[in-house]
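Note sheet for the following structure.
Note that ligands are numbered from 1 as they come in the structure, with each ligand's atoms numbered from 1 the same way. All values below were derived from every heavy atom in this structure, side-chain atoms included, with hydrogens, water molecules and symmetry-related copies excluded.
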Amino acid sequence: MIIIKNSEQLKKMRVAGRITGEALALAGEAVREGVTTKHLDDIIRHHIEKCGARPSFLGYGGFPASACISLNEEVIHGIPSGERVLKEGDIVKIDVGALKDGFHGDSANTFAVGRISDEKRRLIEVTKKSFELGAAKAIDGGRLGDVGHAVQEYVEAAGFSVVRKYVGHGVGAALHEDPNVPNYGVAGRGLRLCRGMTIAIEPMVNAGGYEVRELNDGWTVVTRDGKPSAHYEHTVAITENGVEFLTKI
Ligand code: MG
Ligand code: MG
């Protein structure tokens, strides 16, 4: 069931979104060689709690940390660890959620550690641009397929692939609500979008094939071919004036 948000609920989602965006930005600023993924997770938890909010991911399905932090060929759901030290050339995906006043924000970005390969640089740029093209289609009266199609078309033209197994989603009082928001699709098809819908658009883009697998830790999702992957996500609201980015700061 798709839950349409009224203006009061949207107000709360803006607050949760801002806290989410701030926590992500703070962690991104701390990305450098020698830092552990646990340190980044601590920064995120500290900021969210300081704002009187709760990390959405902590305990979600038993997840043991405040953020998902995934390196290189890890696509999503990496578990922060004090043993995991960033090194030059890595790319780091940080995925954050914050719950405040009953509503969630959800946002992710990919950061470079020092100098990275041209392929990784291009992968990050293409992923962000594909998000922007998809989000531009999240308009009142549009179709869900328009969003996924815009993402997929751009990514594949760049020679990369979009992950099929994991998709974007509605966001609200629950971290994951209907509808699913795939990063692939057929323009003009699918659910009709309308104002008051709040969704996370989150392309996961692989440098190689789109196939992924889960590691034995029960969480970390990696590319099947071991090639790098990038992630970019914002929670957005569909309004009468177009798309509003709730987690951008
Ligand atoms: Mg997320
Ligand atoms: Mg999400």
Side-chain angles (χ1 to χ4, degrees), residues 2-3 5 13 16-28 31 37 40-41 43-45 47-48 53-71 74-80 91-100 103-111 124 127-128 130-132 134-135 138 144 147-148 151 162-184 197-206 212 214 219-222 229-238 243-249:
I2 293 164
I3 302 166
K5 280 77 179 180
M13 287 200 65
R18 181 178 49 74
I19 296 166
T20 303
E22 287 168 354
L24 179 58
L26 285 170
V31 167
T37 56
L40 301 176
D41 190 65
I43 290 171
I44 287 161
R45 196 187 60 240
H47 181 75
I48 290 173
R54 245 179 48 204
S56 305
F57 301 171
L58 186 61
Y60 186 94
F63 190 76
S66 296
C68 296
I69 305 186
S70 314
L71 307 186
E74 297 169 353
V75 180
I76 46 170
H77 300 169
I79 303 171
I91 56 172
V92 190
K93 283 132 284 180
I94 305 178
D95 193 349
V96 179
L99 171 67
K100 171 81 173 170
F103 288 89
H104 293 271
D106 188 6
S107 184
N109 200 353
T110 304
F111 302 93
I124 291 173
T127 304
K128 184 175 182 194
S130 75
F131 164 86
E132 286 162 359
L144 205 51
V147 176
V151 172
V162 293
V163 171
R164 310 290 202 271
K165 195 171 175 193
Y166 299 89
V167 295
H169 50 93
V171 183
L175 180 60
H176 295 107
E177 291 184 348
D178 287 338
N180 280 341
V181 181
N183 297 299
Y184 51 89
M197 286 177 65
T198 47
I199 56 175
I201 301 172
E202 52 174 317
M204 289 151 262
V205 177
N206 294 351
V212 296
E214 195 182 283
W219 283 105
T220 314
V221 174
V222 298
S229 184
H231 189 196
Y232 191 88
E233 173 183 32
H234 281 294
T235 302
V236 309
I238 297 168
V243 65
E244 178 182 350
F245 298 91
L246 299 174
T247 47
K248 262 190 191 172
I249 55 162

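Side chain to side chain, Lys93 and Thr110 fail the donor-acceptor criterion of an N or O pair below 3.5 Å.
One distance of note links CD1 of Ile94 with OG of Ser107; it measures 10.5 Å at 0.5 Å rounding.
For the Mg ion (ligand 2), protein N/O/S neighbours under 2.8 Å (waters excluded) are Asp106 OD2, His169 NE2, Glu202 OE2, Glu233 OE2.
Ion pair Lys128/Glu233 not flagged as a salt bridge, since none of the NZ, NE, NH1 or NH2 atoms sits closer than 4.0 Å to an Asp/Glu carboxylate oxygen.
Nearest heavy-atom pair across Pro55 and Arg45 is CG-CG, 3.8 Å.
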Checklist entry - Stepwise, does the side chain to side chain contact (heavy atoms under 4.5 Å, CB included) test hold for Asp95 with Asp106? => result CA-CA 7 Å; Asp95 193 349; Asp106 188 6; 3.2 Å; yes

Next on the checklist: Go through it in stages, so that I can follow the logic: the residues are Phe131 and Ile201, the test is side chain to side chain contact (heavy atoms under 4.5 Å, CB included), and I'd like the CA-CA distance, side-chain angles, deciding distance and then a yes or no.
Outcome noted: CA-CA 7 Å; Phe131 164 86; Ile201 301 172; 3.8 Å; yes

